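Input: a single structure, listed below in structure tokens.
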Amino acid sequence: MTNNQDKYRVQGSTLVEPDRAILVGVGVNTILEESALDELAALCETCNIQTAARIIQNRKDIDVTYYVGRGKVDEIAELVREHSATVVVFDVELSGSKQRNLEGVLNVPVLDRSRVILDIFARRAQSMEGKLQVELAQLKYNLPRLIGSGGLMSKMRNAVGMRGPGEKKLELDKRRIREDISELEKQLKKMSQNRTLNKNLAQKSGKPRVCLVGYTNSGKSTLLNSMTKAGVLAEDMLFATLDPKTSNIFIADVERGYGGKQILLTDTVGFIDKLPHEFINAFESTLDEARYADLLLHVVDISNEQYADQIAVVNSVLKKIGADHVPTLLVLNKIDKLSQIGQEMLGREFGSQQFVAISAKRNEKIDELKQQIVGKLDKI
């Protein structure tokens, strides 16, 4: 029984068998390898969806009916039958019409990357504001996709994309949903105003605001715990924390031997590639933490082979939310996973940038990081 339970996940008081997915990647005017679907597989695993098979198509343009070509759709259908798959997941955002066209041929639910991410948000949100933001993002995403896969989605064991407070409102007509979206935006605006008031109080206190940003699972929450003993959830998973957490800490100035800085350190939600635009809009007030910070700590999982791409994604998101003007210190985390030679090479790779190499998990070089923060803030 124990071995069988390993493949199940607890949902409520019952064990739910994972869905089996065919993952689909599409390279448009680029060449993708199957490894490009590693992150999608990790996202699906978070939603209790196991990867049964992967398939890639590289194209010059997007097919107007299915996104991929009809021949590739037939190949996906064969994989569905061969692996007894219960869902197909695309690593792109699909329009409602393309999703319905695909489901008409494949006869299993078809999800896209955005829907999987939104489902994870629904699982992770804890605060009232976080739950409202998730609900707003769900409604905005689902509004143009209301006609379609309700029957097929009911076949999924985990009902991905149909979780959280936004689920019930999908039963209502579009006019009512638009009214609900408007009401949610008003509620979040009031919360944002309260957040602005708190920021103004923080400014009057004279405490600099330092904000942790980075790709999801880069170790931001672990770093916050290491620096502040905040006790926030820090696990090796995507989007382990969704709601921002702020702690008040004092950093002594070791170089001078006296003085130091009292700062407000905030952890924010991790970024990810191909972030749904519904996320950017719905989480605008939370992302304000980065926009109005005095200093950003850009935390990077330096042990990840795609760290350079992840840095680029974070910089792109910061630009989208208007936070690219904020002074930034690069924090290269998880050096404990690098060899000695790998650690020595960091200076060559990032020599032109100011950075600190640390291990938040092992509490290595944290004091050096604190002194770099003090030095940066002194120049602002």
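All values reported here derive from a predicted model rather than from experimental measurement. We use all heavy atoms of the structure for the numbers below, so side chains are in, but hydrogens, waters and symmetry mates are not.
- Here Glu78 pairs with Arg81 under the side-chain contact (heavy atoms from CB on, under 4.5 Å) rule; sequence neighbours left out.
- To the nearest 0.5 angstrom, Lys334 atom NZ is 12.5 Å from Leu332 atom CG.
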In residues 313-322, what donor-acceptor pairs under 3.5 Å come from side-chain atoms, sequence neighbours left out?
residue : atom : partner : partner atom : Å
Asn315  : ND2  : Ile311  : O            : 3.4

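- Not a single salt bridge (Lys or Arg N to Asp or Glu O under 4.0 Å) links Asp273 to another residue, sequence neighbours left out.
- At a threshold of 4.5 Å between non-hydrogen side-chain atoms, the residues Met191 and Met128 count as touching.
- For the atom pair Lys140 NZ and Ile181 CD1, the distance stands at 6.5 Å (nearest 0.5 Å).
- Put simply, OG on Ser339 and CD on Glu344 are 8.5 Å apart, with the number rounded to the nearest 0.5 Å.
- Two residues are said to be in side-chain contact when any heavy atoms from C-beta on lie closer than 4.5 Å; Leu223 and Ile366 meet this criterion.
- The hydrophobic clustering, which links ILVMFWY residues whose side-chain heavy atoms are closer than 4.5 Å, places Leu338 and Leu330 together.
- Between Arg175 and Glu179 there is a salt bridge, since at least one side-chain N of the basic residue sits less than 4.0 Å from a carboxylate O of the acidic one.
- Annotation for Val64 and Lys98: closest pair O-NZ, 3.5 Å, computed over non-hydrogen atoms.
- Checking side-chain atoms of Gln99 against main-chain N and O of Val110 turns up a donor-acceptor pair under 3.5 Å.
- Clustering ILVMFWY residues whenever any of their side-chain heavy atoms sit less than 4.5 angstrom apart, transitively, puts Leu295 in a cluster other than the one holding Val300.
- Residues in residues 61-71 take part in these side-chain hydrogen bond (donor to acceptor under 3.5 Å, both in side chains) pairs, two or more places apart or across chains: Tyr66-Arg70, Arg70-Asp74.
- Contact check on Arg54 versus Asp38 returns a salt bridge, with a Lys/Arg side-chain nitrogen under 4.0 Å from an Asp/Glu carboxylate oxygen.
- In this structure, Lys365 has no salt bridge (Lys or Arg N to Asp or Glu O under 4.0 Å) partners at least two apart in sequence or on a different chain.
- Within 6.0 Å of CD in Glu33 there are 12 or fewer heavy atoms belonging to other residues, nucleotides or ligands.
- By the side-chain hydrogen bond (donor to acceptor under 3.5 Å, both in side chains) test, Gln187 pairs with no residue at all, sequence neighbours left out.
- Heavy atoms only, all atoms of each residue included: His83 and Ala53 are closest at NE2-CB, 3.7 Å.
- A salt bridge between Asp378 and Lys261 is present, with a side-chain N of the basic residue lying under 4.0 Å from a carboxylate O of the acidic one.
- Under the 4.5 Å side-chain criterion, counting only non-hydrogen atoms from C-beta, Asp301 is not in contact with Asn217.
- Residues meeting the side-chain contact (heavy atoms from CB on, under 4.5 Å) test with Lys189, sequence neighbours left out: Gln193.
- Across Ala21 and Ile49, no two heavy atoms sit closer than the pair CB-CG2, 3.4 Å.
- Connection of Met227 to Leu377 is established within a shared hydrophobic cluster, with ILVMFWY side chains joined at heavy-atom distances below 4.5 Å, either directly or through further cluster members.
- Of all non-hydrogen atoms in Cys44 and Leu23, the two that sit nearest each other are SG-CD2, 4.0 Å.
- The side-chain heavy atoms of Asn142 and Leu118, taken from C-beta on, include no pair separated by under 4.5 Å.
- Side-chain N or O atoms of Thr246 include none that pairs as donor or acceptor with a backbone N or O of Thr266 at under 3.5 Å.
- Apart from Met345 itself, the hydrophobic cluster it occupies contains Ile341, where clustering links Ile, Leu, Val, Met, Phe, Trp and Tyr at side-chain heavy-atom distances under 4.5 Å.
- The shortest side-chain heavy-atom distance between Gln354 and Thr328 does not fall under the 4.5 Å cut-off.
- Checked against side-chain hydrogen bond (donor to acceptor under 3.5 Å, both in side chains), Glu183 has no partners two or more places apart in sequence or in another chain.
- Of the candidates Leu297, Leu369, Ile335, Leu369 is the only one forming a side chain to side chain contact (heavy atoms under 4.5 Å, CB included) with Val356.
- Rounding to the nearest 0.5 Å gives a distance of 8.5 Å between CG of Leu136 and CD of Gln133.
- Between Cys211 and Thr268, the closest side-chain pair of non-hydrogen atoms falls below 4.5 Å.
- In this structure, Ala122 and Gln138 approach most closely via the heavy-atom pair CB-NE2, 3.8 Å.
- Linking ILVMFWY residues whenever their side-chain heavy atoms come closer than 4.5 Å, directly or via other members, places Val89 and Leu43 in the same cluster.
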Exercise. Passes side-chain contact (heavy atoms from CB on, under 4.5 Å), Ile251 versus Gln371? Steps please.
Worked result: CA-CA 8 Å; Ile251 301 178; Gln371 294 312 300; 4.1 Å; yes
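- Remark: Arg115 does not engage Asp119 in a salt bridge, criterion side-chain N to carboxylate O under 4.0 Å.
- Checked against side-chain contact (heavy atoms from CB on, under 4.5 Å), Glu93 has the following partners two or more places apart in sequence or in another chain: Asp112, Ser114, Arg145, His277, Glu278.
- Once rounded to the nearest 0.5 Å, the distance linking CD of Glu103 with CG of Leu94 reads 9.5 Å.
- With sequence neighbours left out, Asn304 forms a side-chain hydrogen bond (donor to acceptor under 3.5 Å, both in side chains) with no residue at all.
- Residues Val213 and Tyr215 share a hydrophobic cluster, clusters being chains of Ile/Leu/Val/Met/Phe/Trp/Tyr side chains in contact below 4.5 Å.
- Residues meeting the side-chain contact (heavy atoms from CB on, under 4.5 Å) test with Ala312, sequence neighbours left out: none.
- Across Asn58 and Thr30, no two heavy atoms sit closer than the pair OD1-O, 3.2 Å.
- Remark: of the listed residues Val108, Val73, Val24, Val88, Val73 is the sole one forming a side chain to side chain contact (heavy atoms under 4.5 Å, CB included) with Leu102.
- Here Asp267 does not pair with Lys245 in a salt bridge; the nearest charged N to carboxylate O distance is not below 4.0 Å.
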For this session: In sequence, state the C-alpha distance, the side-chain angles, and the governing distance for Lys131 and Val134, and then conclude on side-chain contact (heavy atoms from CB on, under 4.5 Å).
Result: CA-CA 5 Å; Lys131 291 177 180 178; Val134 168; 5.7 Å; no
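- Side-chain contact check for Lys60 versus Asn29: some heavy-atom pair is nearer than 4.5 Å.
- Rounding to the nearest 0.5 Å places NZ of Lys274 at 8.5 Å from CD of Glu39.
- Looking at Arg59 and Val26, their side chains come closer than 4.5 Å, going by heavy atoms from C-beta outward.
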